[in-house]
Protein chains: 2
Amino acid sequence: MRKDSRLSRMLHVLIHMDQLDAPATSEKIAKMLNTNPVVVRRTMAGLRDKGYVTSVKGHGGGWSLAMALSDITLLDIHNAMGDSSVFTIGLSDEHTSCPIEIAVNQAISDVLIEAEALLLERFRDVTLDKLAVGFADYPLNQQTSSGE
Amino acid sequence: MRKDSRLSRMLHVLIHMDQLDAPATSEKIAKMLNTNPVVVRRTMAGLRDKGYVTSVKGHGGGWSLAMALSDITLLDIHNAMGDSSVFTIGLSDEHTSCPIEIAVNQAISDVLIEAEALLLERFRDVTLDKLAVGFADYPLNQQTSSGE
DNA sequence: TTTCATGTAACTTATGATGTTTCATAAATA
DNA sequence: TATTTATGAAACATCATAAGTTACATGAAA
Ligand code: FES
Ligand code: FES
């Protein structure tokens, strides 16, 4: 089942951005993530809409952090990615009036809801500055010829 | 992100099977799930490998429960589906030596592991007979012309 | 006015689950 | 023994959708 690594990638980007004095362009970020500038814009747009980053057009433009890392949590970024459920597990809906299907789905759903609640609670407890401690001077976009 | 409803579907099937006296054919189950007999065989094969169901070829053959519903848990069936992680969230691996990526992935991973542990624990607490109580006489493969 | 950047829409590609076809194998039945 | 009915398994096709790409408009700085 396909994985969504946007959360991981965006956290990584945001923390590196905190160490820069100039805005990071979509192209620069795209190279860092080994992807495409338009994909970066699409994903960063969600963060901008929530106020975590700002974007500036034109010469010298690009993306900048809009607040301190200590004011942003994993949950904030997770939520900004939109995109509903964190689980690959879904419910059947072939016989929505069958009491067995209903009972089965209810049981699964109960567990998913509880597990997701725990996950979100933990995400809320982690601010991004906690992930950056001790690495203040590590370079953004450390490209290696070996492809790292 | 795509959902995997095999767990829900198989639980539904198993509980209905418990109410039958004869084996259920792949074709019958496929109709119930609005899918293809080969898909059913593929999924049921995982359950057979773990000993929860048996399959019999030829005339009068098909699939049967190999043990009581009270001896099977949601976790058992979940595990029999194989297929690793329950989360749509993945980790980045573009810069595996970057301490920030490492710290980010570690933080996410810690949370996922804890949430998954809770989920598996809850799945282990639910035996299938608990989901069937009170519905003993509900018919398998209740086909409706309206498509239900 | 040229260059550099984001914004956005439309389109293409890649991936993986799901579905399908086909044939081999095995068991009951006539 | 021949026929019917079932699973087993491999090979292939389809579908959904996330990711990637192209193209062009917009806006800001030099
Ligand atoms: S990106 Fe964190 S270092 Fe290359
Ligand atoms: S299947 Fe549970 S009833 Fe049609």
Side-chain angles (χ1 to χ4, degrees), chain A residues 1-10 13 17 20 22-49 52-66 81-94, chain B residues 1-10 13 17 20 22-49 52-66 81-94:
Chain A
M1 195 122 306
R2 188 180 200 92
K3 294 305 180 112
D4 179 356
S5 57
R6 286 178 305 158
L7 173 62
S8 174
R9 285 175 145 191
M10 285 303 105
V13 167
M17 279 170 61
L20 301 175
T25 65
S26 300
E27 193 173 321
K28 187 173 181 180
I29 296 170
K31 273 180 186 149
M32 169 183 164
L33 296 179
N34 203 32
T35 182
N36 189 286
V38 178
V39 174
V40 172
R41 286 187 198 114
R42 268 206 290 249
T43 313
M44 295 291 283
L47 300 181
R48 183 194 52 218
D49 294 344
Y52 304 122
V53 299
T54 55
S55 60
V56 173
K57 284 182 169 182
H59 230 116
W63 300 88
S64 305
L65 267 179
M81 298 293 93
D83 217 61
S84 60
S85 168
V86 299
F87 295 107
T88 57
I89 296 175
L91 304 180
S92 62
D93 60 350
E94 285 92 24
Chain B
M1 194 123 306
R2 187 179 202 93
K3 294 303 178 114
D4 178 356
S5 56
R6 288 177 304 158
L7 174 62
S8 174
R9 286 175 145 192
M10 286 302 105
V13 168
M17 279 170 59
L20 301 175
T25 65
S26 301
E27 193 172 322
K28 187 173 180 180
I29 296 170
K31 273 179 188 149
M32 169 181 164
L33 296 179
N34 203 32
T35 182
N36 191 287
V38 178
V39 173
V40 172
R41 286 187 196 113
R42 268 207 292 250
T43 313
M44 295 290 284
L47 300 181
R48 184 195 51 218
D49 294 346
Y52 305 121
V53 298
T54 55
S55 59
V56 173
K57 285 184 170 182
H59 228 115
W63 299 89
S64 306
L65 267 178
M81 298 294 92
D83 216 63
S84 60
S85 168
V86 299
F87 296 108
T88 57
I89 296 175
L91 304 179
S92 62
D93 61 349
E94 285 91 26

Using modelled atom types only, decide if a donor and an acceptor are shared between the side chain of [X] and the backbone of [Y] within a distance under 3.5 Å.
{"X": "Ser26(A)", "Y": "Arg41(A)", "result": "no"}
{"X": "Ser85(B)", "Y": "Phe87(B)", "result": "yes"}
{"X": "Ser64(B)", "Y": "Thr54(B)", "result": "no"}
{"X": "Ser5(A)", "Y": "Ser8(A)", "result": "no"}

Output a table of donor-acceptor pairs, distance under 3.5 Å, between side-chain atoms of residues 32-39 of chain A and any protein atom two or more places apart or on a different chain; print 'none' if there are none.
unit_1   : atom_1 : unit_2   : atom_2 : d
Asn36(A) : OD1    : Val38(A) : N      : 2.8

Between [atom2] of [N] and [atom1] of [X], the distance in whole Å:
{"X": "Arg48(A)", "N": "dT8(C)", "atom1": "CZ", "atom2": "C1'", "answer": "11 Å"}
{"X": "Asn36(B)", "N": "dT20(C)", "atom1": "CG", "atom2": "P", "answer": "5 Å"}
{"X": "Trp63(A)", "N": "dA5(C)", "atom1": "CH2", "atom2": "P", "answer": "14 Å"}

Heavy-atom closest pair, residues Glu94(A) and Ser92(A): OE1-CB, 3.4 Å
Five-pair end axes of the helix from dT1(C)-dA30(D) to dA30(C)-dT1(D), angle between them (10°): 10°
Along DNA chain D, first and last positions that approach a heavy atom of chain B under 4.0 Å: dT4(D) to dA18(D)
Among Thr43(A), Val53(A), Val40(A), side chain to side chain contact (heavy atoms under 4.5 Å, CB included) partner for Met10(A): Thr43(A)
Any Met1(B) side-chain heavy atom under 4.5 Å of Met1(A) side chain: no
Side chain proximity check, Leu47(A) to Met81(A), heavy atoms < 4.5 angstrom: yes
DNA chain D-proximal residues of residues 52-59 of chain B, any heavy atom under 4.0 Å: Ser55(B), Val56(B), Lys57(B), Gly58(B), His59(B)
Would you give the length of the straight line joining atom [atom1] of [X] to atom [atom2] of [Y], rounded to the nearest 0.5 angstrom?
{"X": "Ile89(A)", "Y": "Thr88(B)", "atom1": "CD1", "atom2": "OG1", "answer": "11.0 Å"}
{"X": "Arg48(B)", "Y": "Ser55(B)", "atom1": "CZ", "atom2": "OG", "answer": "4.5 Å"}
{"X": "Trp63(B)", "Y": "Ile29(B)", "atom1": "CH2", "atom2": "CD1", "answer": "7.5 Å"}

5' precedence on DNA chain D between Ser26(B) and Val38(A) (nearest-nucleotide basis): Ser26(B)
Sugar-phosphate only, base, or nothing, as touched by Gly62(B) at under 4.0 Å among non-hydrogen atoms: sugar-phosphate
Show the distances under 3.5 angstrom between N or O atoms of the protein and N or O atoms of nucleotides 12-18 of chain C.
unit_1  : atom_1 : unit_2  : atom_2 : d
dA17(C) : OP1    : Met1(A) : N      : 2.7

Salt bridge (charged side-chain N to carboxylate O under 4.0 Å, His left out) partners of Asp4(A), counting only residues at least two apart: Arg6(A)
